[in-house]
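Encoded as structure tokens, the structure appears first; notes follow it.
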Number of protein chains: 2
Amino acid sequence: MTNRERLLLAARELFLEQGYDASVDAIISRAGVARQTFYNHFQNKECLFAEAVRCCVTDIIAPLSVQPDSLRDSLINFAQVYRQRALSPEGISIYRILISQAQRFPDLIRELSGLGDGQMIGSLASFLRHAITDGRLCQVDPDFAAEMLMAMLIGQERTQRLFGVPRQTPDESLKAEQVVDGFLRMFAPEQGA
Amino acid sequence: MTNRERLLLAARELFLEQGYDASVDAIISRAGVARQTFYNHFQNKECLFAEAVRCCVTDIIAPLSVQPDSLRDSLINFAQVYRQRALSPEGISIYRILISQAQRFPDLIRELSGLGDGQMIGSLASFLRHAITDGRLCQVDPDFAAEMLMAMLIGQERTQRLFGVPRQTPDESLKAEQVVDGFLRMFAPEQGA
DNA sequence: TTAGAGGTAGACTACCTAGTCTATTTCCGT
DNA sequence: ACGGAAATAGACTAGGTAGTCTACCTCTAA
């Protein structure tokens with residue numbers, strides 16, 4: 001493990017824990033590396049932050065494979081993966097840090113805004129578009145439908161976790177199913193068609 | 001206008017603009033007040049912050065009157081008010097600042113978490129409960145339904161605004177209607193009942 | 001007139017932070 | 001063995017912040 005990797009790992013951990021306020025001292029201390037070594041590998045703290053955040057985002061928002069065997073099963077599978085990732089402690093932390101530093105790093109945020117939820121909405125929308133042309137869903141703007149589904153899947157839970165008010169989730173996989181079934185009812189093909 | 005009010009106003013403006021990093025110097029300077037005057041009225045910066053945030057939250061999340069004339073009209077009225085408030089610049093800023101300071105002020109956040117979205121879900125759920133017993137909606141957990149409606153109304157827009165990526169909203173009042181109509185389809189009474 | 005409350009300006013302490021610089025050491029390839 | 005690249009410890013600069021303290025001012029009420 002190179003010193004650079006050690007620094008990135010320590011930075012990821014500390015930034016996720018403490019936000020951008022995590023000090024360079026703390027990072028090099030956790031990495032077990034000298035101050036100057038840090039500045040040999042990174043121009044400054046902002047560069048390290050940008051790189052660490054990029055790693056976190058691409059790590060958490062992995063591509064998801066939608067198998068078009070059954071519409072409901074595909075959506076439920078997506079729903080569970082999405083919920084699991086977006087509501088995980090890492091998912092919540094990275095969301096918090098992006099929001100709190102959005103004003104300081106507008107370029108970085110713009111660079112990453114296509115990723116995350118945005119990317120997922122895109123791929124989900126194109127999947128839904130096929131279902132619509134196949135008549136398995138009613139005529140509806142696929143982007144709108146995708147956004148509704150994603151919104152319902154996260155709902156109030158992300159906010160509660162961001163606020164540090166975790167609630168008991170006895171029905172983890174159940175919720176994803178409930179939402180998907182509601183979604184299918186909402187956008188079911190018209191009866192008359 | 002008393003010095004205390006001047007300080008609170010300046011604090012609200014600066015905290016909403018810059019977050020908790022807004023310095024005491026900047027606040028007293030905008031308030032046009034001496035340093036010692038500030039410490040005469042507030043124990044320290046944290047107390048001022050707590051008070052300013054309390055004002056902002058209670059200002060933005062005003063009670064909403066749901067008139068039970070028509071279910072659809074009531075929901076649309078609620079939807080428009082909720083969207084207008086939650087997506088306003090002040091609504092976005094206060095949401096951002098609460099999230100970014102949630103770890104530093106856990107007690108304050110706990111105190112305010114019942115307000116905002118939480119409070120709205122409660123009153124909306126009790127309204128929906130009546131509609132369910134009246135047979136105007138299908139049998140469903142009213143809290144779940146309320147959460148779904150609120151989630152769809154905000155959707156991805158809050159995130160985009162938090163990230164500073166505002167999108168064009170040509171269809172402002174239309175979106176609220178679309179969501180409410182989708183919601184009513186999702187939770188329509190069962191045909192067989 | 002005077003005493004006191006509250007405001008003002010600004011110095012001051014104590015502390016933290018990012019980033020630079022220096023002198024020394026370690027280690028690897030030739 | 002040796003030379004150079006990279007790492008280390010730690011001092012140092014420059015700047016910012018919260019909060020305290022002192023000395024002075026201003027206005028009001030007894």
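Owing to the predicted nature of the structure, the values given are computational and were not obtained by experimental measurement. Lettering of chains follows the sequences in order, A, B, ..., and the numbering in each one begins at 1.
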**Report entry** Residues touching DNA chain C, which here means a heavy atom under 4.0 Å, drawn from residues 14-24 of chain A
**Finding:** A:Ser23, A:Val24
Requested in this report: Write down the distance between CG (A:Leu48) and P (C:dG19), rounded to a whole number of angstrom.
Outcome: 10 Å
Report summary line: Between the CZ atom in B:Phe127 and the CZ atom in B:Phe78, the distance rounded to the nearest 0.5 Å is 10.0 Å
Query raised in the report: Taking CD from B:Gln43 and C1' from D:dT20, how many angstroms apart are they, rounded to a whole number?
Result: 14 Å
Query - Backbone of A:Val33 reached by a side-chain donor or acceptor of A:Thr37 within 3.5 Å - result: no
Report task. Report the distance from atom CZ of B:Phe42 to atom P of D:dG19, rounded to the nearest whole Å. Result -> 13 Å
**Report entry** Separation of atom CZ in A:Arg6 from atom C1' in D:dA7, rounded to whole Å
**Finding:** 11 Å
Requested in this report: Specify the separation, in whole Å, of atom CD of B:Glu46 and atom P of D:dG19.
Outcome: 7 Å
Pair up each side-chain donor or acceptor in residues 139-150 of chain B with any protein partner under 3.5 Å, not counting sequence neighbours, and list the distances.
from, atom 1, to, atom 2, distance (Å)
B:Asp141, OD1, B:Asp143, N, 3.2
B:Glu147, OE1, A:Arg167, NH2, 3.2
B:Glu147, OE2, A:Gln156, N, 3.1
B:Glu147, OE2, A:Arg167, NH2, 3.2
B:Glu147, OE2, A:Lys175, NZ, 3.1

Taking only N/O atoms, report every protein-nucleotides 8-11 of chain D pair under 3.5 Å with atom names and distance.
from, atom 1, to, atom 2, distance (Å)
D:dT8, OP2, A:Ala34, N, 2.9
D:dT8, OP2, A:Thr37, OG1, 2.7

Query - Nearest-Å distance for atom pair CD1/P, residues B:Ile27 and D:dG19 - result: 11 Å
Query raised in the report: Salt-bridged, B:Glu90 to B:Arg85, with N to O below 4.0 Å?
Result: no
**Report entry** By side chain to side chain donor-acceptor pair (under 3.5 Å) - contacts of B:Arg136 (at least two apart)
**Finding:** B:Asp134
Report task. Kindly say if A:His41 contacts the phosphate of D:dA7, meaning a side-chain N or O under 4.0 Å from OP1 or OP2. Result -> yes
**Report entry** Sole candidate of B:Ile76, B:Leu75, B:Asp69 that passes side chain to side chain contact (heavy atoms under 4.5 Å, CB included) when paired with B:Arg72
**Finding:** B:Ile76
Requested in this report: Enter the distance from A:Ser93:OG to A:Arg161:CZ here, rounded to the nearest 0.5 Å.
Outcome: 12.0 Å
Query raised in the report: Can you name the side-chain contact (heavy atoms from CB on, under 4.5 Å) partners of A:Arg30, sequence neighbours left out?
Result: A:Ala10, A:Glu13, A:Leu14, A:Glu17
Requested in this report: Calculate the interatomic distance between B:Ile28 atom CD1 and D:dG19 atom P; express it in whole Å.
Outcome: 12 Å
Requested in this report: Please list all pairs passing the side chain to side chain donor-acceptor pair (under 3.5 Å) test where one or both residues lie in residues 45-56 of chain B, with sequence neighbours left out.
Outcome: B:Arg4-B:Glu51, B:Arg54-B:Glu111
**Report entry** Nucleotide D:dA18, atom P - distance to NZ of B:Lys45 in whole Å
**Finding:** 4 Å
